[in-house]
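Below is one structure, written out as structure tokens; comments come after it.
The shown structure was predicted, so the numbers you read here are calculated from the model rather than taken from an experiment. Residue numbers begin at 1 in each chain, while the letters A, B, ... track the order of the sequences.
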2 protein chains.
Amino acid sequence: MNNAFAKRLSFTSPLDDDDADVIDNLCSRDRRVAAKRYILRDGDQMLRFPIMLEGWAACYQIMRNGSRQITGLLLPGDALYFDSYPDCPAIEEIVALCPSVVAFASHEEMDRAIQSRPTIGRAMRNYGRIKNAVMATWIVNVGRRDALERMAHLICEAFARLAMIGEVDGNSFHFPLTQDDFADVLGLTPVHVNRKLQQLRHEGLIHLRSKEMTIIDRYALQQVAGFDETYLRPAREAPATEDTLLGI
Amino acid sequence: MNNAFAKRLSFTSPLDDDDADVIDNLCSRDRRVAAKRYILRDGDQMLRFPIMLEGWAACYQIMRNGSRQITGLLLPGDALYFDSYPDCPAIEEIVALCPSVVAFASHEEMDRAIQSRPTIGRAMRNYGRIKNAVMATWIVNVGRRDALERMAHLICEAFARLAMIGEVDGNSFHFPLTQDDFADVLGLTPVHVNRKLQQLRHEGLIHLRSKEMTIIDRYALQQVAGFDETYLRPAREAPATEDTLLGI
DNA sequence: GAATTTCATTTACCTATGCTAATTTGGGAA
DNA sequence: TTCCCAAATTAGCATAGGTAAATGAAATTC
């Protein structure tokens with residue numbers, strides 16, 4: 001299984017080879033996107049929905065004064081299915097944060113995949129649930145964690161999410177955010193991101209250089225963050241009846 | 001159509017009487033919940049999912065130091081379908097903020113409703129999309145809006161959401177949050193909520209007394225908030241113009 | 001209707017983070 | 001290799017919002 005989306009889904013609930021093939025076909029129409037290029041513009045009709053196959057992208061909103069808030073990070077294997085609707089204009093923009101490969105899948109094909117393959121339906125439903133949990137956690141981050149905790153939490157989350165699709169190498173992973181991007185994820189200023197990044201370094205928790213992040217002391221980092229990975233975990237093995245599939 | 005959930009869904013895409021009946025049946029198992037009582041506890045198995053029929057509830061997380069962040073407000077007609085998964089433990093808690101009526105619907109029945117009635121499926125999908133948009137907007141609120149803007153934005157959002165189900169009376173509506181609750185929604189302290197609430201009052205934008213909120217100058221309030229209701233709107237509507245403002 | 005609890009309000013003081021602006025670093029382009 | 005530009009770093013000052021503690025005003029309860 002090479003397809004990142006299939007890997008991501010199969011992490012939430014098991015997929016067989018046929019499922020993986022179906023997913024792979026969904027992703028057949030893909031495109032290379034350079035860093036800083038738009039994957040989706042505000043107001044675009046979402047006739048198709050994006051699936052990240054390689055690279056990172058950010059979903060964001062721009063304020064009147066020009067400041068930006070990133071509302072979600074799309075890592076390899078992430079898709080915008082539930083956030084989009086055929087013929088509905090997008091209300092957020094998405095940019096590639098590094099050179100990426102993005103598939104543009106059709107809603108119809110996905111709907112058909114979900115309906116014809118209950119395991120895919122279950123996996124998608126569960127994937128959607130986890131995405132919601134991630135968003136809720138981001139609200140908690142900006143609302144109630146201070147800058148250091150917030151930063152530590154995001155690093156833990158990124159690690160956990162990348163680990164699901166095998167994109168970590170020990171405790172290291174590719175982390176393409178600039179400090180400006182990082183600030184827009186955390187709701188901070190770039191200057192403050194710099195300060196707190198150094199604090200994490202000085203405290204011996206992480207190492208970050210030329211977009212390569214190494215978590216030196218994972219336990220300590222999770223302690224700082226108050227990170228509990230439960231929210232990212234798949235559902236317990238559900239009694240897989242025909243009825244529990246997401247038939248939308 | 002009396003069922004709040006049916007009203008809410010039919011706002012996102014039209015439902016006929018039969019659809020409404022199906023929805024109504026889904027809600028047959030309902031329960032009265034007193035203010036401050038749990039609707040869902042952390043770790044509960046979500047064999048059923050809650051639907052608000054009357055009253056307000058809050059979805060929240062508690063931090064190590066005891067502080068709380070509310071990650072979503074459940075208004076009449078709101079449901080936790082996509083955030084839940086049969087047999088999966090809840091990771092957030094939900095409390096009633098005022099005396100409420102909550103239906104507990106079964107996943108199986110809902111799945112069947114979605115499958116047998118395409119209009120319900122479409123409405124649910126669209127409802128889920130809007131809920132995601134609301135969450136994203138909350139991230140933007142806490143991340144990039146200052147206290148006053150944030151507060152104004154939430155009031156605008158509450159008004160718009162209540163208007164969808166006909167729970168506003170002119171520019172007034174029931175607003176049961178205490179200042180402590182409000183603080184936990186906005187990621188502020190109760191003291192600061194008090195300060196900013198008074199500012200909104202002194203500037204002649206709102207009136208709030210014994211849980212009754214009146215928006216005195218809606219346009220000005222939206223200006224302060226930088227509120228753009230587009231994200232709450234159903235799919236497939238004409239592009240935003242002055243007169244399509246929620247049709248209110 | 002007195003007692004009690006919950007909410008709202010106010011004040012004074014404090015700190016985490018923002019803001020501005022200058023300087024340095026480093027990785028790619030030529 | 002050199003240059004160049006985006007990114008990172010540093011410093012000094014400014015402020016929005018936090019903290020703590022006390023008081024007043026409404027609701028609830030008995």
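In the model, A:Q61 has no side-chain atom that pairs as donor or acceptor with a side-chain atom of A:T71 under 3.5 Å. No side-chain donor from either of B:D169 and B:S172 sits under 3.5 Å from a side-chain acceptor of the other. Side chain to side chain, A:R150 and A:H153 fail the donor-acceptor criterion of an N or O pair below 3.5 Å. Side-chain atoms of A:Y38 and A:D44 form no donor-acceptor pair, as typed in the model, at a separation below 3.5 Å. Side-chain N/O atoms of B:T178 and B:D180 include no donor and acceptor closer than 3.5 Å.
A heavy atom lying under 4.0 Å from DNA chain D marks none of the residues of residues 138-157 of chain A.
Side-chain N/O atoms of A:R209 and base N/O atoms of C:dG26 include no donor-acceptor pair closer than 3.5 Å.
Of all nucleotides listed (D:dG12, C:dC7, C:dT11), C:dT11 comes nearest to the side chain of B:V191. Nearest nucleotide to the A:H192 side chain, out of C:dG18, C:dT11, D:dT9: C:dG18.
In this structure, the CZ atom of A:F182 is 14 Å from the P atom of C:dT17, given to the nearest Å. Remark: C1' of C:dT6 and CG of B:L97 are 15 Å apart, rounded to the nearest angstrom. Rounded to an integer number of Å, the gap from B:F175 CZ to C:dC7 P is 14 Å. The CG atom of A:L188 sits 17 Å away from the C1' atom of D:dT9 (whole-angstrom rounding). Summarising the geometry, the separation between NE2 on A:H207 and P on D:dA8 is reported as 14 Å, rounded to the nearest angstrom. As a whole-Å value, the separation of A:R195 CZ from C:dT17 C1' is 7 Å. Rounding to whole angstrom units, CD of residue A:Q179 and C1' of D:dA8 are separated by 5 Å. In this structure, B:D184 places its CG atom 14 Å from C1' of D:dG18, rounding to the nearest Å.
Taking only side-chain nitrogens and oxygens, B:Q198 never comes nearer than 4.0 Å to OP1 or OP2 of C:dA8. One finds no side-chain N or O of A:N194 lying less than 4.0 angstrom from the OP1 or OP2 phosphate oxygen of D:dA8. Taking 4.0 angstrom as the limit, A:K196 places none of its side-chain polar atoms (N or O) nearer than this to OP1 or OP2 of D:dT9.
Using a 4.0 Å heavy-atom criterion, one finds that B:T189 contacts the bases of the nucleic acid, with or without backbone contacts as well. At a threshold of 4.0 angstrom between heavy atoms, the contacts of B:L197 with the nucleic acid are absent.
For B:F182 and B:F175, the gap between ring centers is short of 6.0 Å.
Stacking of A:R68 on the aromatic ring of A:Y60 is recorded, both the 6.0 Å distance cut-off and the 45° axial limit being met.
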